[in-house]
*Asks:* 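This is the structure I have questions about; it appears just below.
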Amino acid sequence: MKITILSIGSRGDVQPLVALGLGLKSSGHEITIATHEIFESFVRRFGLGFSLINSNPKETLESSAGQAALENGHNPLRSWRNFSQMIKPSFIQTGMDALNACKTSDAVIY
């Protein structure tokens, strides 16, 4: 069975899913981990397939533009609107990358 495991976030998010992937691989399944580029060598080191999730909403949020969008004085609604508009393209890209990674999968773990 072809299984794609999706993971967005930090190494702490990806590492347990790599362990899960190794367990599934040892049971005879073909595993692909779809995640950020910085984890490609980590995933491949264990003999698992890799699929790229290009965008990283966390990086967007932590950028100076992301922080500025959140800091709009004391108006949380304006902050949320600005942040939502700024991060929307990143979420759309993440969704498209995840969809592409799963196209030939029999099962998806997220």
Side-chain angles (χ1 to χ4, degrees):
M1 179 181 288
K2 289 182 175 182
I3 301 172
T4 298
I5 301 173
L6 300 170
S7 181
I8 335 175
S10 67
R11 174 141 177 180
D13 297 306
V14 175
Q15 188 167 339
L17 295 174
V18 168
L20 174 62
L22 287 172
L24 292 168
K25 182 181 176 185
S26 72
S27 296
H29 300 289
E30 182 182 329
I31 306 301
T32 298
I33 306 286
T35 191
H36 307 296
E37 181 178 23
I38 60 172
F39 302 117
E40 182 174 6
S41 63
F42 176 68
V43 168
R44 293 191 188 278
R45 182 177 349 152
F46 294 100
L48 301 174
F50 174 83
S51 185
L52 179 63
I53 301 290
N54 272 310
S55 64
N56 188 337
K58 182 179 180 204
E59 285 179 4
T60 303
L61 174 62
E62 292 175 351
S63 71
S64 58
Q67 290 301 302
L70 289 174
E71 295 173 7
N72 254 324
H74 298 290
N75 187 334
L77 293 176
R78 182 177 292 145
S79 293
W80 176 250
R81 185 181 66 232
N82 290 344
F83 174 71
S84 296
Q85 290 171 350
M86 183 195 63
I87 204 159
K88 184 178 180 179
S90 180
F91 277 113
I92 290 170
Q93 183 64 52
T94 297
M96 296 303 296
D97 291 342
L99 179 63
N100 288 332
C102 298
K103 280 187 176 177
T104 62
S105 300
D106 299 309
V108 176
I109 299 171
Y110 182 74

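One is the number of the first residue; the rest follow in order along the sequence.
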*Asks:* Among Leu17, Leu24, Val43, find the one that has a side chain to side chain contact (heavy atoms under 4.5 Å, CB included) with Leu48.
*Replies:* Val43
*Asks:* Are Ile38 and Phe46 connected in a single hydrophobic cluster, I mean Ile/Leu/Val/Met/Phe/Trp/Tyr linked by side-chain heavy atoms less than 4.5 Å apart?
*Replies:* yes
*Asks:* Look at the side chain of Lys25 and the backbone N and O of Gly47, then say whether any donor-acceptor pair between them is shorter than 3.5 Å.
*Replies:* yes
*Asks:* Under 3.5 Å, is there a donor-acceptor pair between the side chain of Asp106 and the main chain of Lys2?
*Replies:* yes
*Asks:* Is a side-chain donor or acceptor of Ser7 paired with a backbone partner of Thr35 at a separation under 3.5 angstrom?
*Replies:* no
*Asks:* Roughly how far, to the nearest 0.5 Å, is CD1 of Ile53 from OG of Ser90?
*Replies:* 10.5 Å
*Asks:* Could you check whether any side-chain N or O of Asn100 sits under 3.5 Å from a backbone N or O of Asp97, counting only pairs where one atom can act as donor and the other as acceptor?
*Replies:* no
*Asks:* Test side-chain contact (heavy atoms from CB on, under 4.5 Å) on Ile3 and Ile109; report intermediate values, then the result.
*Replies:* CA-CA 7 Å; Ile3 301 172; Ile109 299 171; 3.9 Å; yes
*Asks:* Has Arg11 got its NZ or CZ under 6.0 Å from the middle of the six-membered ring of Phe39, at an angle within 45 degrees of the ring axis?
*Replies:* no
*Asks:* Which heavy atom of Ala101 sits nearest to which heavy atom of Thr4, and what is that distance?
*Replies:* O-OG1, 3.4 Å
*Asks:* Excluding sequence neighbours, so at least two apart, what forms salt bridge (Lys or Arg N to Asp or Glu O under 4.0 Å) with Arg44?
*Replies:* Glu40
*Asks:* What distance separates Phe50 CZ from Arg45 CZ, expressed to the nearest 0.5 Å?
*Replies:* 13.0 Å
*Asks:* Indicate if Met1 and Val18 have the same hydrophobic cluster label, given that clusters are the connected sets of ILVMFWY residues with side-chain heavy-atom separations under 4.5 angstrom.
*Replies:* yes
*Asks:* Quick check on side chain to side chain contact (heavy atoms under 4.5 Å, CB included): which of Val108, Thr32, Thr94 does Leu6 satisfy it with?
*Replies:* Val108
*Asks:* For the CG atom of Asp13 and the CD1 atom of Ile8, what is their distance to the nearest 0.5 Å?
*Replies:* 9.0 Å
